[in-house]
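Accompanying notes for the structure given below.
Throughout, protein chains are lettered first and strands after them, A, B, ... in sequence-line order, and every chain is numbered starting at 1.
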2 protein chains.
Amino acid sequence: MTTVTPSTAADRTGVSIDTLRYYEREGLIGPIRRSPGGRREYTEEDLFWIGLVTCFREAGLGIADLREFVALLRADHPPQNRVAFLRERRAALEQRVAALRRAMDVLDEKIAYYS
Amino acid sequence: MTTVTPSTAADRTGVSIDTLRYYEREGLIGPIRRSPGGRREYTEEDLFWIGLVTCFREAGLGIADLREFVALLRADHPPQNRVAFLRERRAALEQRVAALRRAMDVLDEKIAYYS
DNA sequence: CTCGTATCTGGAGCGCGCTCCAGGTCAAGA
DNA sequence: TCTTGACCTGGAGCGCGCTCCAGATACGAG
């Protein structure tokens, strides 16, 4: 399996090495495989997963949310609450979109007023 | 002019008294008028403005952004950059909406997969 | 006037999400 | 072999946005 060094992983995901280690400590990614010498070796799957985490972070989900999300999506988890949890998260994101729309409406009004 | 005590202002805006004072210190609201004894007296305009600030905070704008926003909207400001600034903020909010949509798409995919 | 509650100020403390640092290890090139 | 630079760990530090606290003052009800 072809793997990649920490600095390359950082370059390719846009996430700093420190943050990658932080995410791993927090259980959001990995655990990442190690070389005989103890260095991390990121697989393509790892990079993909980091992309998912980044996507959710950019959407404003907190570390604790993501930890729960990860735990739920890891294959070994009993699937019972999965869909409910996912729907709940989706609804929360919709709330955030609504808040953004309200703010944008205010801005539009001000823009119209000053134009 | 009818005014309102700090605790009433907090109740009506949903913002804690401490946070109201914090916002005032940071220049996001007020300065709030004082009674002879030194207590704050919030006018209806103050409450309305607090609502605006809250709206933007909920949309994820930072304190520094809001300070700039407030400075720009306060009547005495030269109007030259106003509209540009507002449009810029609007674009930033649109970016955030886009990030949320990406995350929601991922969730939808997972929901479909597990349903 | 007294009591109790609300409010005042300045400043400390906190949770989050990184970010940085010291001191040491590993590994590729000259 | 020696040097150089990427990487390791554990832990400290930081900026943000509150939130809480101590000690003092204001003020309405009885």
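Atom CD of B:Glu41 and atom P of C:dT7 are 12 Å apart (whole Å). The CZ-C1' distance, from A:Arg33 to D:dC8, rounds to 18 Å in whole Å.
Between B:Arg40 and B:Glu24 a salt bridge is recorded (basic side-chain N to carboxylate O distance below 4.0 Å). Between B:Glu94 and B:Arg87 there is no salt bridge, since no side-chain nitrogen of the basic residue lies less than 4.0 Å from a carboxylate oxygen of the acidic one. Under the 4.0 Å criterion applied to side-chain N and carboxylate O atoms, A:Arg67 and A:Glu26 are assigned as salt-bridge partners.
Under 4.0 angstrom from either OP1 or OP2 of D:dT19 there lies at least one side-chain N or O belonging to B:Thr19. Taking only side-chain nitrogens and oxygens, A:Thr5 comes nearer than 4.0 Å to OP1 or OP2 of D:dC7.
Under 3.5 Å, the side chain of A:Arg39 and the base of C:dA27 form no donor-acceptor pair of N or O atoms.
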Q.
For a side chain to side chain donor-acceptor pair (under 3.5 Å) check, start with the C-alpha distance between B:Asp11 and B:Thr8, then their side-chain angles and the critical distance, and finish with the verdict.
A. CA-CA 5 Å; B:Asp11 282 353; B:Thr8 305; 5.7 Å; no
Q) Which letters describe nucleotides 9-17 of chain C, given B = protein heavy atom under 4.0 Å from base, S = only from sugar-phosphate, - = neither? A) B-------B
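Here the closest non-hydrogen pair linking A:Leu100 and B:Ala59 is CD2-O, 3.3 Å.
The side chain to side chain contact (heavy atoms under 4.5 Å, CB included) search around A:Thr54 returns A:Val15, A:Ile50, A:Glu58, not counting sequence neighbours.
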